[in-house]
Each structure stands twice: as structure tokens, then as C-alpha cells.
Amino acid sequence: MNFVSIIMGSKSDYKIMSECIEILKKFEVPYEVLIASAHRSPERAKNYVKEAEKKGAKVFIGAAGMAAHLAGAIASMTTKPVIGVPLTGGALDGLDALLSTVQMPSGMPVGTLALGKAGAINAAYFAIQILALQDTKLAEKLQRDRLEKLQKLEEDSKEIEQFI
């Protein structure tokens with residue numbers, strides 16, 4: 001079974017990452033969720049990534065705050081696409097998480113998204129886009145979703161439009 005794996009560094013990350021989960025549910029994309037820290041439980045993270053690959057994980061999403069750099073650790077364990085979601089918090093309010101996720105050495109990519117909620121939501125969409133490369137039904141759902149967003153924007157605009 002193809003699925004998306006979401007790994008977060010601590011339980012406090014779940015509030016934001018639940019936004020990611022909701023999008024995956026909306027698109028009926030199977031997913032797993034786990035708390036594993038690159039620094040506090042590296043063996044747990046490594047063992048899980050290897051098992052998830054065997055079970056069919058096609059994309060990994062790593063979410064962590066501060067300079068934890070969970071997504072980079074995941075990328076060192078797999079050749080599957082890894083999406084990083086830096087989270088706010090700590091003394092630098094997410095800047096350290098952003099920099100540690102985006103500044104990967106060459107040949108070890110992590111697709112780094114926005115801080116916080118927007119990043120969590122876009123991580124789900126990006127994972128779905130990756131899966132949709134091999135799944136026409138999922139690609140069609142993405143097209144419908146885009147059309148619905150366009151229609152909503154046009155309806156919202158009609159409520160407030162003013163032209164000279």
C-alpha cells in the first residue's frame with residue numbers, strides 16, 4: 001500500500017501537523033503518524049523509516065521546531081522524497097528550524113516548506129502531488145480541488161467587488 005509518513009519531533013507538534021493530516025484525509029490518502037526525534041530517539045526514527053519503506057511509504061514529511069532538523073535526519077535514511085515542515089517556537093521563533101531544514105548539503109535534498117500551519121498544509125498538498133504522478137484518480141482530485149478554490153475566490157470577490 002502506498003502511503004505518506006508523517007514524523008514529528010514531539011507531541012506539541014501535533015496541533016500544527018493535524019492540518020496536514022486533515023488534507024490527506026480529504027484526499028483519502030493513507031498516512032501514518034509517529035513521534036520520533038532525530039536527537040532524543042535516533043534509533044526509533046531510523047527503525048521506523050526502514051519499516052515504513054518496506055510497508056510502502058512513498059513520501060516522508062518531517063516536522064520539527066528549533067534546530068532539531070528531523071527532516072534532514074530522515075533524508076539521510078531514505079532515497080524517497082522528504083518534505084520538511086519547520087515549526088515555530090524557541091528563542092528564534094522558527095528561524096532556526098527553517099534554516100536547519102532548508103540548508104541541506106548537496107545530494108541530500110529536503111523540500112522545505114513554510115513555517116507552521118501553511119507549511120503543514122502545503123506538505124500534504126506536495127505529498128499528494130508526488131503521489132498523483134502515478135495515480136490518475138488522485139491527479140483528478142487535485143484538479144477538482146484547484147477548481148473549487150478558484151470558484152470560492154470568485155464568489156468571495158463578488159461579495160465585495162467595486163469597479164469604477
Side-chain angles (χ1 to χ4, degrees), residues 1-38 45-65 68-89 94 97-98 100-104 107-157:
M1 169 199 298
N2 294 341
F3 66 94
V4 174
S5 171
I6 303 167
I7 306 171
M8 57 194 87
S10 67
K11 189 175 179 182
S12 62
D13 301 334
Y14 184 78
K15 181 178 180 184
I16 294 296
M17 293 311 294
S18 66
E19 301 283 346
C20 176
I21 293 165
E22 288 306 312
I23 300 298
L24 294 173
K25 285 179 182 177
K26 174 183 172 183
F27 282 87
E28 299 176 319
V29 171
Y31 63 89
E32 290 187 350
V33 179
L34 176 80
I35 296 171
S37 169
K46 181 180 178 181
N47 292 338
Y48 171 74
V49 168
K50 295 304 172 195
E51 286 303 311
E53 280 187 316
K54 288 178 189 173
K55 291 191 304 186
K58 298 299 179 197
V59 180
F60 289 88
I61 298 172
H69 198 25
L70 178 58
I74 296 166
S76 75
M77 301 170 194
T78 184
T79 57
K80 303 285 190 229
V82 177
I83 302 168
V85 180
L87 299 174
T88 58
L98 175 62
S100 69
T101 305
V102 78
Q103 289 297 108
M104 289 296 297
M108 197 63 58
V110 169
T112 306
L113 300 178
L115 282 165
K117 182 178 174 179
I121 291 169
N122 283 338
Y125 275 104
F126 194 34
I128 292 165
Q129 288 174 325
I130 292 168
L131 295 176
L133 292 170
Q134 302 295 320
D135 184 334
T136 56
K137 289 182 181 178
L138 198 51
E140 290 168 4
K141 286 182 181 181
L142 276 170
Q143 287 295 335
R144 282 193 303 274
D145 184 69
R146 289 278 174 102
L147 182 57
E148 289 169 8
K149 284 179 174 26
L150 170 63
Q151 291 168 341
K152 173 76 168 107
L153 180 136
E154 289 174 348
E155 290 169 11
D156 289 349
S157 183

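- Contact record, I7 with L70: O-CD2, 3.4 Å, taken as the closest heavy-atom pair.
- Under the salt bridge (charged side-chain N to carboxylate O under 4.0 Å, His left out) criterion, K26 pairs with D145, sequence neighbours left out.
- A118 and A114 get closest at one heavy-atom pair: CB-CB, 4.2 Å.
- Of the possible donor and acceptor atoms, none in the side chain of S157 sits under 3.5 Å from a partner among the backbone N and O of L153.
- No side-chain heavy atom of V59 sits less than 4.5 Å from a side-chain heavy atom of F126.
- Atoms CD1 and NZ, on I35 and K11 in that order, are 7.0 Å from each other to the nearest 0.5 Å.
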Audit row: K152, E155, salt bridge (Lys or Arg N to Asp or Glu O under 4.0 Å) steps and yes/no:
CA-CA 5 Å; K152 173 76 168 107; E155 290 169 11; 5.9 Å; no

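- In this structure, CG on L98 lies 11.5 Å from OG1 on T88, to the nearest 0.5 angstrom.
- Heavy-atom contacts from other residues, nucleotides or ligands closer than 6.0 Å to OH of Y125 number more than 12.
- Taking every heavy atom of both residues into account, C20 and A124 meet most closely at O-CB, 3.4 Å.
- When every heavy atom of F3 is checked against every heavy atom of A52, the shortest pair comes out as CZ-O, 3.6 Å.
- For the ring-ring contact (aromatic ring centres under 6.0 Å, His included) test, no residue two or more places apart in sequence or in another chain qualifies with Y31.
- Applying the side-chain contact (heavy atoms from CB on, under 4.5 Å) test to S37 and every residue at least two apart in sequence or in another chain returns H39, R40, S41.
- Not a single donor-acceptor pair under 3.5 Å links the side chain of N122 to the backbone N or O of G119.
- Residue K15 qualifies as open at atom NZ: its count of foreign heavy atoms under 6.0 Å is 12 or below.
- Going from atom CD of Q134 over to atom NZ of K58 covers 9.5 Å, rounded to the nearest 0.5 Å.
- Applying the salt bridge (charged side-chain N to carboxylate O under 4.0 Å, His left out) test to residues at least two apart or on different chains, the pairs with a partner in residues 131-144 are E28-K141.
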Decide yes or no on side chain to side chain contact (heavy atoms under 4.5 Å, CB included) for M8 and V33, but give the supporting numbers first.
CA-CA 8 Å; M8 57 194 87; V33 179; 3.5 Å; yes

Check the pair L24 / I6 against side chain to side chain contact (heavy atoms under 4.5 Å, CB included), numbers first and verdict last.
CA-CA 11 Å; L24 294 173; I6 303 167; 3.7 Å; yes

Going through the checks in order, is the side chain to side chain contact (heavy atoms under 4.5 Å, CB included) test met by V85 and L87?
CA-CA 6 Å; V85 180; L87 299 174; 3.8 Å; yes

Side chain to side chain contact (heavy atoms under 4.5 Å, CB included) assessment of E22 paired with K25:
CA-CA 5 Å; E22 288 306 312; K25 285 179 182 177; 3.5 Å; yes

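- The two residues A120 and I16 come nearest to each other via the heavy atoms CB-O, 3.5 Å.
- By the 4.5 Å heavy-atom criterion applied to side chains, M104 and P109 are not counted as neighbours.
- For residues 72-87, every residue pair satisfying the side-chain hydrogen bond (donor to acceptor under 3.5 Å, both in side chains) rule, not counting sequence neighbours, is listed here: E53-T78.
- With sequence neighbours excluded, the residues forming a side-chain contact (heavy atoms from CB on, under 4.5 Å) with L147 are L150, Q151, listed by chain and number.
- Side-chain contact between Y48 and S5: present, with at least one pair of heavy atoms (C-beta onward) separated by less than 4.5 Å.
- Atoms CZ and CD1, on F60 and I74 in that order, are 7.5 Å from each other to the nearest 0.5 Å.
- Closest heavy-atom contact between T101 and G84: CG2-CA, 3.8 Å.
- Here the NZ-CE distance, from K117 to M17, works out to 13.5 Å after rounding to the nearest 0.5 Å.
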